[in-house]
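Lettering of chains follows the sequences in order, A, B, ..., and the numbering in each one begins at 1. Source: prediction; values computed, not measured.
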Number of protein chains: 2
Amino acid sequence: MKNKSEIPECVQKCGVEYAFKRIGGKYKGRILWHLGMQKVLRYGELSRTLPDITTKMLTQTLRELEVDQLIIRKMYHEVPPKVEYSLSETGLELIPFIDHIHQWGKKQLANEIL
Amino acid sequence: MKNKSEIPECVQKCGVEYAFKRIGGKYKGRILWHLGMQKVLRYGELSRTLPDITTKMLTQTLRELEVDQLIIRKMYHEVPPKVEYSLSETGLELIPFIDHIHQWGKKQLANEIL
DNA sequence: AGCAACACATACTTTTTAGTATGTAGCATA
DNA sequence: TATGCTACATACTAAAAAGTATGTGTTGCT
């Protein structure tokens, strides 16, 4: 499987495939979820909220989400710098689904403990 | 981050984190989706439905889903062998959400083309 | 002059995930 | 005897993702 033309059309056009590529990263779901709850978060706030994510991965993941237009990055030209992240329109549309999956996950976790 | 005890509690208990681990693989979403539509599929049928997945990855992914109790594997002791896959109760609960994300993905794909 | 504040960047290494190629079982049919 | 059918297994390699450690810029404060 070398180039795009060799991949069957049905695969390229699959919404599930496409969606999972955009939100399937290790941390993307959680970042989107927190932005969905808090509306606006600064870089440092996100970092403290998700302490297991290294700054490298946090920055990288935020960039990907920005390029994919799921989040909006607003920077203030101040010193020390200030950057705020929030969901875009498209990102907002994902919140109901992330909520669904969150409920499901909580339920599963609860069952595991029993 | 070496062992579980070093990971903050809030992270371990996060339903979003947990859910993405279960269904976040490269192919898991699509496999679940197809099983959701077709109810029951044999190994070969799945393989033909998802031709870009190698047999190694298909088998491996199906095993993971089975261990996670999202799908059910039913084997018939015949020659040549016959194995049927279907969603479990828990797996079924994911269908509305996969449907949601499928709609979202289709919409995004449509926008991209314009 | 030195340090803190904040949001990163970068080089390098390790780990994880996926791909390639080939092999297996057991029976039926040519 | 050879081949096909089906659902895999396994060894090895390559690629992708993540982790570690360290560095950067600007300004105000001490």
Requested in this report: For the residue pair B/Y43 and B/T55, confirm or rule out a side-chain donor-acceptor distance under 3.5 Å.
Outcome: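 Side chains of B/Y43 and B/T55: no pair found under 3.5 Å.
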Ignoring the backbone of [X], work out which of [options] is nearest its side chain.
X: B/R73; options: C/dA7, D/dA18, D/dA7; value: D/dA7
X: A/Y43; options: C/dA18, D/dT20, C/dC8; value: C/dC8
X: B/T55; options: C/dC6, C/dG19, D/dC8; value: D/dC8
X: A/R63; options: D/dA9, C/dG19, C/dC8; value: C/dC8
X: A/M57; options: D/dT6, D/dG19, C/dA7; value: D/dG19

Rounding to an integer number of Å, can you tell me how far [X] [atom1] sits from [N] [atom2]?
X: B/I31; N: C/dA18; atom1: CD1; atom2: P; value: 11 Å
X: B/M75; N: D/dC8; atom1: CE; atom2: C1'; value: 10 Å
X: A/L58; N: D/dG19; atom1: CG; atom2: P; value: 12 Å
X: A/I53; N: D/dT20; atom1: CD1; atom2: P; value: 13 Å
X: B/E78; N: D/dT6; atom1: CD; atom2: P; value: 12 Å
X: B/K21; N: D/dA17; atom1: NZ; atom2: P; value: 18 Å
X: A/E64; N: D/dA17; atom1: CD; atom2: P; value: 8 Å
X: A/Q60; N: D/dA17; atom1: CD; atom2: P; value: 9 Å

Close side-chain approach of [X] to [Y], heavy-atom, < 4.5 Å:
X: A/T61; Y: A/I53; result: no
X: A/I101; Y: B/I23; result: yes
X: B/K28; Y: B/L65; result: yes
X: B/I31; Y: B/L58; result: yes
X: B/Y18; Y: A/K106; result: no
X: B/K26; Y: B/M57; result: no

Report task. Select base, sugar-phosphate, or nothing to describe what B/Y76 touches, counting heavy atoms under 4.0 Å on all strands. Result ->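 Result for B/Y76 = nothing.
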Requested in this report: Under 4.0 Å between any heavy atoms, over every strand shown, what does B/Y27 touch: base, sugar-phosphate, or nothing? Just pick one.
Outcome: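 Since only primed, P, OP1 and OP2 atoms lie under 4.0 Å of B/Y27, the category is sugar-phosphate.
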Query - Sequence neighbours excluded, every pair satisfying salt bridge (Lys or Arg N to Asp or Glu O under 4.0 Å) that has a member inside residues 87-99 of chain A - result: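 Every salt bridge (Lys or Arg N to Asp or Glu O under 4.0 Å) pair that includes a residue of residues 87-99 of chain A, provided the two are not neighbours, is A/E93-B/K107.
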Query raised in the report: Tell me, which pairs form a salt bridge (Lys or Arg N to Asp or Glu O under 4.0 Å) where one or both residues lie in residues 33-42 of chain A, sequence neighbours left out?
Result: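 Residue pairs passing salt bridge (Lys or Arg N to Asp or Glu O under 4.0 Å), neighbours aside: none found.
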Query raised in the report: DNA chain C: A/G44 or B/G25, which has the more 5' nearest nucleotide?
Result: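 Comparing both residues, the 5'-ward one is A/G44.
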Query raised in the report: Taking only residues two or more places apart in sequence or in another chain, which ones pass salt bridge (Lys or Arg N to Asp or Glu O under 4.0 Å) with A/E66?
Result: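 A/E66: no salt bridge (Lys or Arg N to Asp or Glu O under 4.0 Å) contacts found.
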Requested in this report: Have a look at the helix from C/dA1-D/dT30 to C/dA30-D/dT1 and give the angle its two end axes make, five pairs each, rounded to 10 degrees.
Outcome: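 End-to-end axis angle: 30°.
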Query raised in the report: How many angstroms lie between CG in A/N111 and CD in B/Q69, if you round to the nearest 0.5 Å?
Result: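 CD of B/Q69 is found 10.0 Å from CG of A/N111.
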Review item, nucleotides 12-16 of chain C N/O atoms under 3.5 Å of protein N/O:
none

Requested in this report: Please state whether the phosphate of C/dA7, meaning OP1 or OP2, lies under 4.0 angstrom from any side-chain nitrogen or oxygen of A/R42.
Outcome: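 For C/dA7, OP1/OP2 do have a side-chain N/O of A/R42 under 4.0 Å.
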Query raised in the report: Judged by atom type as modelled, is there a donor-acceptor pair below 3.5 Å linking the side chain of B/R30 to the main-chain atoms of B/L50?
Result: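 Not a single qualifying donor-acceptor pair exists.
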Between the protein and nucleotides 25-30 of chain C, list the N/O to N/O atom pairs that are separated by less than 3.5 angstrom.
none

